[in-house]
Each structure stands twice: as C-alpha cells, then as structure tokens.
Amino acid sequence: MQANIRKIGAFYLLFVLLALVAVGQIVNLQFIHKPGRSYSKKTTREDVLPCTRGSILADDGRYLAFSIPEYRMGMDCVQPDSALFAKNIDSLAICLANFYKDKKAAQYKKEIVERRKEGLNGGRRYLFLNRRLLTYQEMKEVSSFPILREGRGRGGRDEVKVDHRTYPYGRLGFRTLGYIKDQSEIPSIGIEGSCDTILRGKDGIQPMRLTEGRNWIVDTDRETIQPVDGLDVQLTIDIDLQDMAQNALMDILRKTNEVHAGTVVVMDIPTGEIKAMVNLEKNGKGGFDETYNYAIGRKGEPGSVFKCATLTTLLEDKKITLDTEVPAIVTWNYGGGAPFVDHYLDRYSTISVRRAFEISSNNIFRMLAARNYDKDPKEFLDKLTNERRITYDFPFELKGMAKATVKDPTVKTGRGAWNMKDLPQIAMGYTVEITPLHTLNFYNAIANEGVMMRPHLVRNYQKEGQIVKEFKPEKIGTVCSKETAHKVWEAMRGVVASEGGTGYRPFSGCPVQVAGKTGTARIVFPNTGRYEDRAGHKMHQATFVGFFPFESPKYSMIVVVYSEPTYNNFYGGSWSGPVFRQVAEGIYASAIDWQDPLPRKGSLPQNDGLLALQGQEDIHKGLVPNVKGMGLREALALLEKSGYRVNFEGQGIVESQSPAAGDTAKDFTIALKLKEQYLEHETK
C-alpha cells in the first residue's frame, strides 16, 4: 500500500514538472522571446540583392555603355534532404553535363556529392556548378533541372547575378568613357571612373533564417533593404561626330611612320559641350587604340597657336590694330643669347599685324610683346592669365587634367627665375605649358564673342528616362570685348583664306568657311630638358585650332598630332589642318541647317520605333523577329523577354542573325553576330 502511494506521488510530481516546463515555454514565447534575435550566426544570414549599374548615354540617348545581367549557377549541397538528393542526383548530373558540355555526368556527381559530405561534417557546403556566365534564359533552363527546380529553400539553388558591362560601339571614345567588365570593379579612368558613385548604385540586403527543417526562408522579422540601381549618365558626345573625328585622325596617322599619336576635340561654341573627344595612338600592331587622354593629360608648349592670346591682348589694350605696320626684322635679338631668325619675313620690309598673324611670324609677335610690355612683364602675364584666361584650370568631369603653367615675372632667383627673353618667348607660345583643351577653350571663347564657357562632357543624370540632375552651360567669364573678338575672327579667317597664310593650302576650296590658326612646337625630350637628342632628332606637336562656319560660328575644334623623333620639320597646317577640314566638311555635309541639331546619318544604325514594332509583330506570329541593325541591348530586350535564348559574338551593331527574320527557332535559340562599324578599316 505504501509502495503504491510512492508510485502515485512520483507520477504526480512528474506531471507537475512537465506542466511547469510547458508554462515556462508559454511565458517565454509570449513575453520574453524576441523574434529574429535568438538565431545564431549559423541559423541566419544576409543575402545580397544586387543593384544594376547605370548606363552611359550619348547626346541623343543612344547607349554608349550599359550592363547586361548574367548569372552563375551555384548550389548549397547540404540543403536538399536525403531522399530528394538520393533520388535526383544522377539526373541532375546528366542535365548539367548535357548543358555545359565540359565534364561528364560522373564528374559533376562526384563534385556535388563530395561537397555535400564536406558540408555535413561542418565544412564547405556551397559549390559553383560551373563558372560559365549564363544569360537570363539559360539561367531559367538550368533552374528547371532536378533538385534545382525545388528552389533555394528545398533544393539549395543559388543563382548569382553578375552585371556584365557592354560597350556597343567598341573602342569608340574608349579613353573618354573608361572601361569595366563587371560591377565588382572600381574603374579609375573616363566617365566610368569619375561618375562611378553615380553609376554604381547600392546593393540591397535580404535577411534569411534557417527553419527547423533546415530550409532557408525569408526572415520577415527583419527589414529587407531593397537595392538602388545606379543612375544613367547622359553625355554631350555626338556619336556620329565622334566617328567623323576618329576616322579623320586615323587617316592622317596612317600616312606616315613619323607620327605616333594625336587628339581631336570638338566643342559646341555657345554651350561649351564637348561633342567629340578622340585620342589615338599607334598600337605597334598596325592599328590604333585609345590608351591615353592627350586632350587633357598632355601639356606642353603650344607654339604659334598661342599668338592668338597675344594678339587679343594687344588689340584689347589698343596697343595696335590689325592694319598697324611694323618693321619686318628677319634677325632680331632681345634679352641676350642667340639671335632670333624669322625667314617668313625675308620678302618684307614692313608688314601689317594682320599679315604677320597670317604667316605666323615669330619675330613680329616677339617684338610686339617686348615693345609694349617690357617695362612691366607682369602686366602682360596678368592679362594672359586673369583676363584672357588661356591658362585657367577649369573643373572638368574627367580625372587627369594637367595643370597649366607659365613663368612668373616676380621670381627673380633659383630654378624657374624670370629672364628677359621669357617675355617674347611667351608671346609666341613657349615658356608656357597648357593642354590642347586649354587652347581650345580660349579659341571657343573668341568664337563665342569673348564669352568663355566651361567645357563639359556630362549633360545630366537620369533614372528610368527622367532627369534627376541637369548640368546647364556654365559661364567662366569674359576674355575680351565683342569688338576685339570680331577683329580676331578677321585675323583667323585670313590664315586660311589669304594666299600665303599658313592654313591656306589645306583649306583651299573648302565648302565651309573656317577661321583658325596653325601652330608647330618642338617637344622637350624626357629627362634631358633639350629639344634635340644626341643624334639630332627632334619631336614636334603640330596643331590646328579654330571654328566654323566663319560668319555664324557653331563649332570650335582643335587637332594636335604628335611626331616620332625625326630629322624633319612638322607644321600644323600640313598635318593637323587636313584633319580639321575633313571633320568640318563631314559636319557641313550632314547639317541641313546650322541652327538645328545635326541629323543622324544612319552610319551607326539604331533601334527606331518602326524596327521594334515590326519585331513585336513577328513575335506575335510565332516568327523570329528582325533585329538586324539594332544595338545589343535593344536586341536582347526584344528577344529574351519573348522567350528566346540569345547567344552573341562580337561587338557593335547586329550584322546577322540565325535563324533569319521570319523563320522559326526550333529550340528557341537565336545566334547574333555583331559588327563594330568604326575600326574595321584599320587593319586593311
């Protein structure tokens, strides 16, 4: 009897303890437990929700750079339960082998099984099934394979999105745009580099938690941070004009082995918008490439193109007029050292300032500066820098802008000390270092009736076609009066229109009236400080800079060609003038009205509304649409969203497609061949 009572008491105590545990668990769940906080690091994770990098657009909205989403398929090999894994692993391996065609099914099975064992023992559990990047349609196909079709939670499938950067016009404007392969890179050059924080966007975060069944699910108790895609950046670059400038520069570089590089920059005069920026150099393989931005990074003594700043200063100060006659001194000495000899003056006894500018006489401009400013050289230098602003270091969107330098008359001792002969040297473009863009910006101000605008490449930032931030034309200041600007126009027009002018021959018969200035400057050899090497070789930069059309200026342009070490002389009129003319004629031939935007010539086909509409109609009929002539982005958008898999090779514009337009795609795969239409001739 007593034993039975003890047994009943023990059972009663057990039930009381169980009840207390149950009550304690209820209290914990109701009042103590905080959802989302009790998971350890092993039972929670944060997945990245990738953003998409913004596109770079041309002035008319065509894509210069954009990101194509691609995918790499991975798998958490521990996630599938034992029954699902055992039943389907062979089928999965066969599907992977048939799809990727790089390994046998047995090898795929071995890798997955070994990674699963490693994960079950506390080691690595994640495996990239293949490193190959997949298109969206390919990713969907692989996602339908056994086990993977069960999704992330049950099947362990994990597709990693990678944004692959595409440049539909190939190397066109390469140094201006910059370059990256995928969004993980941090670019350092071009617009890709300078606007990286705008283009990049911000990845999101998706909190996940592990269930008791060992499935990963969205953790709804923690906040999901959505990704923010990067903004699109629209540039001022005109694709067709960029093409004209690049082809013209290639033509002149191809003609001789004595030149190795060059740059062309075209600006819209009233706004300062850069419409083309070309930087080419020979790559040693018979072709050309853009590896260095000569337009902004290569500073040097500009030579005779600087005489325009000297002339403007003399006119603005009313020291001279264009018709002022001065002695034509062939041999002249100022400030000591070897005498200056100017054989351009051999046939003159006196010469007008206008004619001296046309024939680019060094001695006349040396003499004019010395006679008018030798008592106070600082006055001349201050006018050049503070009023003419030819050495003004304006802010620019690209990194690597070289700082302009000019000798300071107040420095009396030490390296760089002022010398009496520096004044006449500066007047003709020596003892001063500026970039081609500095030079062009001054000439653009002259063409703009004395108003200097800030050169710029970025027009706006956009999101889904809506402007988020716009960059309007920005006035830097006034470099001279309108009256003086028009007098300089006359002098520049005489350079190309007057017989004997240094620009007369290359522009004879030109259908568009050009005003400009030639310039040739010798380049100092690196590490020597001398203009010749020991063998007597010299290096030059040959320049032509100006604007057109003369009576109603719309575009300004500079062309600079850099020589190899040579015994020969180079001249701006002979080497850079023809490039300038070819571009100016191309623009003139394309423009119906100088006051309207240039019409598109169609040399670079783009996806217009009619083409897209026809493609949609073909899809509705079950036929392959015609995407020839489209850019890659437009072709992919049309085909992939309609269920087609797309393979492509090359870059540029869709040249051919298989199956052809109007056929049927048996396996819903379409192959595109792209052709870049800009550089095809460089290997001929």
Side-chain angles (χ1 to χ4, degrees), residues 299-327 329 332-337 339-340 342 351-354 356-357 360-394 403-435 438-439 441-443 445-446 450 452 476-481 483-485 487-488 491-492 517 519 521 543 545:
K299 72 174 181 178
E301 294 171 312
S304 292
V305 292
F306 198 85
K307 291 172 184 172
C308 188
T310 301
L311 176 64
T312 303
T313 301
L314 290 164
L315 289 171
E316 189 76 352
D317 287 352
K318 303 189 184 307
K319 303 285 188 181
I320 59 164
T321 70
L322 292 181
D323 297 320
T324 297
E325 291 281 333
V326 294
I329 304 174
W332 183 69
N333 199 314
Y334 179 89
F340 299 119
D342 185 352
I351 189 171
S352 70
V353 172
R354 183 196 305 271
F357 189 79
S360 198
S361 168
N362 288 336
N363 272 359
I364 296 302
F365 279 85
R366 286 173 174 138
M367 181 179 64
L368 288 172
R371 284 185 175 181
N372 289 284
Y373 300 102
D374 63 339
K375 293 181 180 179
D376 187 3
K378 189 175 184 303
E379 177 191 3
F380 181 60
L381 268 295
D382 285 346
K383 289 181 182 294
L384 288 175
T385 56
N386 299 332
E387 297 181 19
R388 305 294 87 76
R389 299 176 186 265
I390 193 167
T391 58
Y392 176 70
D393 287 312
F394 45 83
K403 183 177 177 60
T405 58
V406 62
K407 261 197 169 183
D408 185 352
T410 63
V411 178
K412 303 298 183 181
T413 59
R415 188 174 181 179
W418 181 262
N419 188 291
M420 286 182 64
K421 63 183 180 181
D422 290 333
L423 175 61
Q425 287 292 86
I426 290 172
M428 54 169 279
Y430 282 83
T431 319
V432 57
E433 291 188 325
I434 56 178
T435 70
H438 281 96
T439 301
N441 197 37
F442 173 74
Y443 276 82
I446 295 297
M452 180 175 280
I476 291 175
T478 302
V479 303
C480 67
S481 67
E483 179 185 10
T484 295
K487 289 177 181 177
V488 178
M492 291 172 61
K517 182 69 185 75
T543 304
V545 58

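Not measured: the values here are computed from a predicted model.
When all heavy atoms are compared, the tightest approach of G416 to V411 is O-CG1, 3.9 Å. Between N362 and D342, the shortest heavy-atom contact is N-OD2, 2.9 Å. Here the closest heavy-atom approach between residue G450 and residue A485 is recorded as N-CB, 3.9 Å. Across V432 and T391, no two heavy atoms sit closer than the pair CG2-CG2, 4.2 Å. When all heavy atoms of T405 and K299 are compared, the closest pair comes out as CG2-NZ, 3.3 Å.
R354 places no side-chain N or O within donor-acceptor distance of the main-chain N or O of D323, the cut-off being under 3.5 Å. Judged by distance alone, the side chain of E301 and the main-chain N or O of G429 form no donor-acceptor pair under 3.5 Å.
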Checklist line | Check against side chain to side chain donor-acceptor pair (under 3.5 Å), T321 and T324 | finding: CA-CA 5 Å; T321 70; T324 297; 3.2 Å; yes
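Looking only at side-chain heavy atoms (C-beta outward), F306 and L384 come within less than 4.5 Å of each other. A heavy-atom distance below 4.5 Å is found between the side chains of R388 and T313. At a threshold of 4.5 Å between non-hydrogen side-chain atoms, the residues I434 and V406 do not count as touching. Counting only heavy atoms from C-beta outward, the side chains of F394 and M452 never approach each other to under 4.5 Å. Proximity of T385 to I390: side-chain heavy atoms (C-beta onward) are nowhere separated by under 4.5 Å. Taking the side chain as every heavy atom from C-beta outward, D408 and L381 never approach each other to under 4.5 Å. The shortest distance between side-chain heavy atoms of N441 and I476 falls below 4.5 Å. Looking only at side-chain heavy atoms (C-beta outward), P302 and T543 stay at 4.5 Å or farther from each other.
Taking the side-chain hydrogen bond (donor to acceptor under 3.5 Å, both in side chains) definition, one finds that T413 meets it with nothing, sequence neighbours left out. Looking at residues two or more places apart in sequence or on another chain, you find no salt bridge (charged side-chain N to carboxylate O under 4.0 Å, His left out) involving E316. Checked against ring pair (Phe, Tyr, Trp, His ring centres under 6.0 Å), Y430 has no partners two or more places apart in sequence or in another chain. The side-chain hydrogen bond (donor to acceptor under 3.5 Å, both in side chains) check on N363 picks up R366, with sequence neighbours excluded. K403 meets the salt bridge (charged side-chain N to carboxylate O under 4.0 Å, His left out) test with D393; sequence neighbours excluded. Listed by chain and residue number, nothing satisfies the ring pair (Phe, Tyr, Trp, His ring centres under 6.0 Å) test with F340 (two or more places apart in sequence, or in another chain). With sequence neighbours left out, the ring pair (Phe, Tyr, Trp, His ring centres under 6.0 Å) criterion links Y373 to F380. Here W418 pairs with nothing under the ring pair (Phe, Tyr, Trp, His ring centres under 6.0 Å) rule; sequence neighbours left out. Not counting sequence neighbours, K421 has no partner by the salt bridge (charged side-chain N to carboxylate O under 4.0 Å, His left out) test. With sequence neighbours excluded, the residues forming a side-chain contact (heavy atoms from CB on, under 4.5 Å) with D374 are Y334, L423, listed by chain and number. Here E483 pairs with K487 under the salt bridge (charged side-chain N to carboxylate O under 4.0 Å, His left out) rule; sequence neighbours left out. With sequence neighbours excluded, the residues satisfying side-chain contact (heavy atoms from CB on, under 4.5 Å) with A356 are I351, S361, I364, F365.
In this structure, the separation between CG on D422 and OG1 on T431 is 5.0 Å, given to the nearest 0.5 Å.
For the residue pair K307 and S360, a side-chain donor N or O sits within less than 3.5 Å of a side-chain acceptor on the partner.
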